[in-house]
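Take a look at the structure below.
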Amino acid sequence: MPNPNPMTADAQILTAMRRAGVGSVSGADLAQQLGMSRAAVWARIEELRKLGYEITANPHQGYRLLSTPDALHADDLLARLPDNQIVGRDIRVFEETNSTNDVAEKLARDGVKEGVVVFAEAQKKGRGRLGRHWLSPARKGLWFSVLLRPDLRPQSATQLTVVAATALARAIRRQTNLTPEIKWPNDILLRGKKVAGILTELSAELDHIKFVIIGIGVDVNLTSTDLPPDLRKIATSLRIESGQPVARPDLAAAILRELDADYARLRAGQFEALADEWVAQCTTIGRSVTIRIGDRVQRGVAESLDAEGALLLRTQHGRLERILGGDVTVEKS
Ligand code: BTN
């Protein structure tokens, strides 16, 4: 019987073993579910073992998943997400790319549906905001990009950065018990040092967004020796802050689940609630800041976010300015 499930056989096998938890799943049941022979299921299990999945096989009970490798595998990530997710419905993992944002942009121009996520174990030319380089060493972090096609005007693109920052901070908090702070517009900090960043790039016409690429970089398991000396003062990693390695596939799946949930809230017109959650974690709001936008310098107090996600800055002269981007320095209080 043909298998109607669009997930690959490996993703379905991993899903079934995960659902069984500490129990096992029988080879016969898997064979029936996948519409393949038991020998073919066995061959897939052997391939998964080669990738580092520790799977026991018991002739009476069947297969049981004992542990998973730290490497990112599309099938494994898919198996950790609910079937009806938009973000992550198509996942592609590369060993190395220049920038995952570029790969996602190419997919966007080829007409691929929104929700595709491109991960790379390493990036040769990772990009940060304001033309900066983004350090992306192999297997130490999560370097990925999400393609979205939201029904938004270009002026509201900042809302997506708010969505991404809120989801990212929540996923980090739930997975690690650390308490991330958000620095406007899109830095995630731990104890004042940057642990993750978001680079939102969009293609738009005058009145509507064609597509958005949300590029996310999370310093997961870098040690201080992985960080060049000039970065050590301003950057950190989840491993450095928690004192233990963090399982990257678990965190990746958690981020995609939170992103999907918050993107659904945005589509349902709930930006205000998201913005409230963002403000609650944002260390920039209520503080005196200096914002550099190109050659221009603005000083004032960061008051709040507006309905489009822009920062409202009360300048030294008492005017309220809308700020859409720039480099923020929070003054010491
Ligand atoms: C920043 O804080 O400056 C944004 C950093 C964004 C880095 C990520 S890593 C994955 C994606 N690909 C890139 O080249 N950049 C983003």
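Everything numeric here is computed off the predicted structure, so don't read it as measured data. Residues take their numbers from the sequence shown, with the count starting at 1. First listed ligand is number 1; within each ligand, the first listed atom is number 1.
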Between S145 and N101, is any side-chain donor less than 3.5 angstrom from a side-chain acceptor? yes
S288 and E331 side chains, donor-acceptor separation under 3.5 Å: no
Should we count CG of D230 as having more than 12 external heavy atoms under 6.0 Å? yes
Against the six-membered ring of Y263, is R267 placed for a cation-pi contact (under 6.0 Å from the centre, within 45° of the normal)? yes
Just wondering, more than 12 heavy atoms not from R49 lying within 6.0 Å of its CZ? yes
Contact residues of ligand 1 with a heavy-atom cut-off of under 4.0 Å? S99, T100, N101, Q123, G126, R127, G128, R129, W134, W143, F144, S145, D187, K194, G197, I198, L199, G215, I216, G217
Closer than 4.0 angstrom, basic N to acidic O: yes or no for K194 and D187? yes
